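Remarks on the structure that follows.
Since we're looking at a predicted model, the values are computed, not measured.
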Amino acid sequence: MKFNVNKCSVMHFGYANPKFKYKMGDQELQETEEEKDLGVYVNSSMKFGRQCAESVKKANRMIGIIKRNFTNFDRKVVLNLYKALVRPHLDYCVPVWKPYLRKDIQLLEGVQRRMTKIIHGMRNKTYEERLKELRLMTIEQRHLRQDMITFYNITQGRINMQVDNYVDILRESNTRGHNMKIRPSRVWLEVRKNSYFKRIWKAWNELPQEAVTAQTLNKFKNSIAECGIFKGRGDLLSR
């Protein structure tokens with residue numbers, strides 16, 4: 001299969017990148033600062049602000065459709081619509097682009113704030129009260145949970161990646177907690193610090209032994225359901 005050179009481009013990462021020129025055949029490839037790949041916007045700064053904005057735009061568009069076409073806004077109806085039509089836009093491929101800037105986190109959280117407020121009897125309650133009554137996590141908590149599920153699947157061989165190529169796992173039985181802890185590595189750049197394999201170590205190391213050694217994904221979800229910041233949220237087992 002021949003590549004269309006006009007559709008190929010080069011993206012440079014890193015402040016000290018010399019930005020070499022690359023050619024395909026005898027034609028020089030154009031440089032780009034941002035590209036969309038498999039539905040995710042990636043730019044040279046790796047901050048994913050555009051991806052957050054686009055996800056929120058799609059989710060809010062779906063909320064508008066729901067408000068225009070439904071008249072029954074009781075709890076069961078709205079939650080089913082939210083989980084099926086709205087929240088997937090905020091969850092799609094999130095281990096890749098999970099935001100770390102507070103403004104992006106709040107932007108995503110605003111979608112759930114808006115959706116939970118349209119439920120009958122919820123408008124005058126605070127966001128925290130609505131979450132507790134509806135048994136929902138914050139979007140930030142949900143994304144952290146997805147990070148844990150993804151790493152569990154990697155360690156179990158369900159995702160085709162060699163975990164030892166990315167993190168140093170302390171497989172020792174005499175450590176406090178479980179015996180699959182990640183050894184934290186020192187990083188200096190904020191972007192690197194918040195990349196997937198660098199950000200998950202603290203939450204993963206706090207999981208109980210029965211979670212990391214669970215034989216099935218459902219058992220893993222059940223194990224983390226009462227763990228730390230996830231405790232008491234009935235939404236944990238929903239997909």
Side-chain angles (χ1 to χ4, degrees), residues 48-49 51-152 194 196 199-200 202-208 211 214 217-239:
F48 297 105
Q51 175 64 28
C52 292
E54 292 294 329
S55 298
V56 168
K57 186 188 298 183
K58 292 177 183 178
N60 280 333
R61 187 183 301 129
M62 191 56 65
I63 292 177
I65 293 173
I66 291 171
K67 292 176 73 173
R68 289 192 300 272
N69 290 278
F70 287 83
T71 57
N72 181 5
F73 295 116
D74 67 28
R75 178 181 306 186
K76 184 176 181 180
V77 171
V78 174
L79 283 180
N80 285 337
L81 290 171
Y82 173 60
K83 293 177 182 179
L85 302 177
V86 178
R87 196 169 62 185
H89 292 297
L90 307 180
D91 287 347
Y92 173 72
C93 213
V94 77
V96 174
W97 60 269
K98 179 185 173 185
Y100 62 90
L101 296 177
R102 182 51 52 184
K103 65 181 182 68
D104 292 332
I105 294 172
Q106 291 175 345
L107 187 66
L108 296 176
E109 208 70 56
V111 175
Q112 187 162 265
R113 286 178 182 271
R114 181 185 176 195
M115 191 69 185
T116 55
K117 192 176 285 189
I118 70 175
I119 298 175
H120 288 314
M122 292 289 174
R123 177 168 294 274
N124 296 323
K125 296 183 179 181
T126 66
Y127 181 50
E128 290 71 22
E129 290 172 340
R130 296 199 298 273
L131 291 182
K132 186 174 182 180
E133 189 166 335
L134 298 172
R135 297 178 63 79
L136 292 173
M137 291 181 287
T138 65
I139 297 301
E140 188 174 11
Q141 289 172 329
R142 184 171 174 81
H143 287 177
L144 175 60
R145 171 181 176 265
Q146 188 59 45
D147 275 353
M148 297 297 97
I149 291 174
T150 300
F151 192 70
Y152 168 78
N194 289 282
Y196 178 73
R199 71 173 182 250
I200 63 171
K202 188 174 182 180
W204 177 262
N205 288 353
E206 292 177 355
L207 295 182
L217 182 57
N218 278 337
K219 287 183 179 179
F220 177 78
K221 291 178 180 180
N222 285 327
S223 296
I224 67 174
E226 296 300 321
C227 176
I229 64 171
F230 302 129
K231 190 171 183 179
R233 297 298 188 184
D235 192 43
L236 280 169
L237 299 180
S238 66
R239 292 186 178 273

Across all chains, not counting sequence neighbours, the side-chain hydrogen bond (donor to acceptor under 3.5 Å, both in side chains) partners of Gln51 are Ser55
Those residues at least two apart in sequence (or on a different chain) that pass salt bridge (charged side-chain N to carboxylate O under 4.0 Å, His left out) with Arg199 are Asp147
task: Just say parallel, tilted or perpendicular for the rings of His120 and Phe73, cut-offs at 30° and 60°.
output: perpendicular
Contacts of Asp104 meeting salt bridge (charged side-chain N to carboxylate O under 4.0 Å, His left out) (sequence neighbours excluded), chain-then-number -> none
Tyr92 meets the side-chain contact (heavy atoms from CB on, under 4.5 Å) criterion, sequence neighbours left out, with Leu38, Val40
Does atom CG of Asn124 have more than 12 heavy-atom neighbours, drawn from other residues, nucleotides or ligands, at distances under 6.0 Å?
no
**Side-chain donor or acceptor of Tyr127 paired with backbone N/O of Gly110 under 3.5 Å** = no
One should read off an interatomic distance between Leu107 CG and Ile139 CD1, to the nearest 0.5 angstrom, of 11.5 Å
Review point. Counting N and O atoms only, with roles assigned by atom type, does the side chain of Arg130 sit under 3.5 Å from a partner on the main chain of Arg113, one being a donor and the other an acceptor?
Key: yes
For Phe48, the ring pair (Phe, Tyr, Trp, His ring centres under 6.0 Å) test, sequence neighbours excluded, returns none
Residues passing the salt bridge (charged side-chain N to carboxylate O under 4.0 Å, His left out) test with Arg102, sequence neighbours excluded, are Glu140
Applied to residues 60-69, the side-chain hydrogen bond (donor to acceptor under 3.5 Å, both in side chains) test, sequence neighbours excluded, yields Asn60-Arg114
Sorted by chain and residue number, the salt bridge (charged side-chain N to carboxylate O under 4.0 Å, His left out) partners of Lys125 (sequence neighbours excluded) come out as Glu133
Please assess Leu207 against Phe220 for the test side chain to side chain contact (heavy atoms under 4.5 Å, CB included), listing each intermediate value before the final yes or no. CA-CA 10 Å; Leu207 295 182; Phe220 177 78; 4.0 Å; yes
Taken to the nearest 0.5 Å, the spacing of Leu81 CG from Ile65 CD1 works out to 11.5 Å
Correct closest heavy-atom pair for Tyr196 and Phe151 would be OH-N, 3.0 Å
> Can you tell me if Gln112 uses its side chain to pair, donor with acceptor, with the backbone of Met137 under 3.5 Å?
Replying inline: yes
Residue set satisfying side-chain contact (heavy atoms from CB on, under 4.5 Å) with Asn194, at least two apart, ordered chain then number -> Tyr100, Glu190
Sequence neighbours excluded, the answer for side-chain hydrogen bond (donor to acceptor under 3.5 Å, both in side chains) partners of Lys117 is none
Value for CE (Met122) from CZ (Arg75), rounded to nearest 0.5 Å, stands at 4.0 Å
Sequence neighbours excluded, the answer for side-chain contact (heavy atoms from CB on, under 4.5 Å) partners of Lys76 is Asp74, Asn80
Hits for side-chain contact (heavy atoms from CB on, under 4.5 Å) against Glu54, two or more places apart or cross-chain, chain-then-number order -> Tyr41, Arg50, Lys57
Rounding to 0.5 Å, atoms OH (Tyr82) and CG (Leu90) come to a distance of 5.5 Å
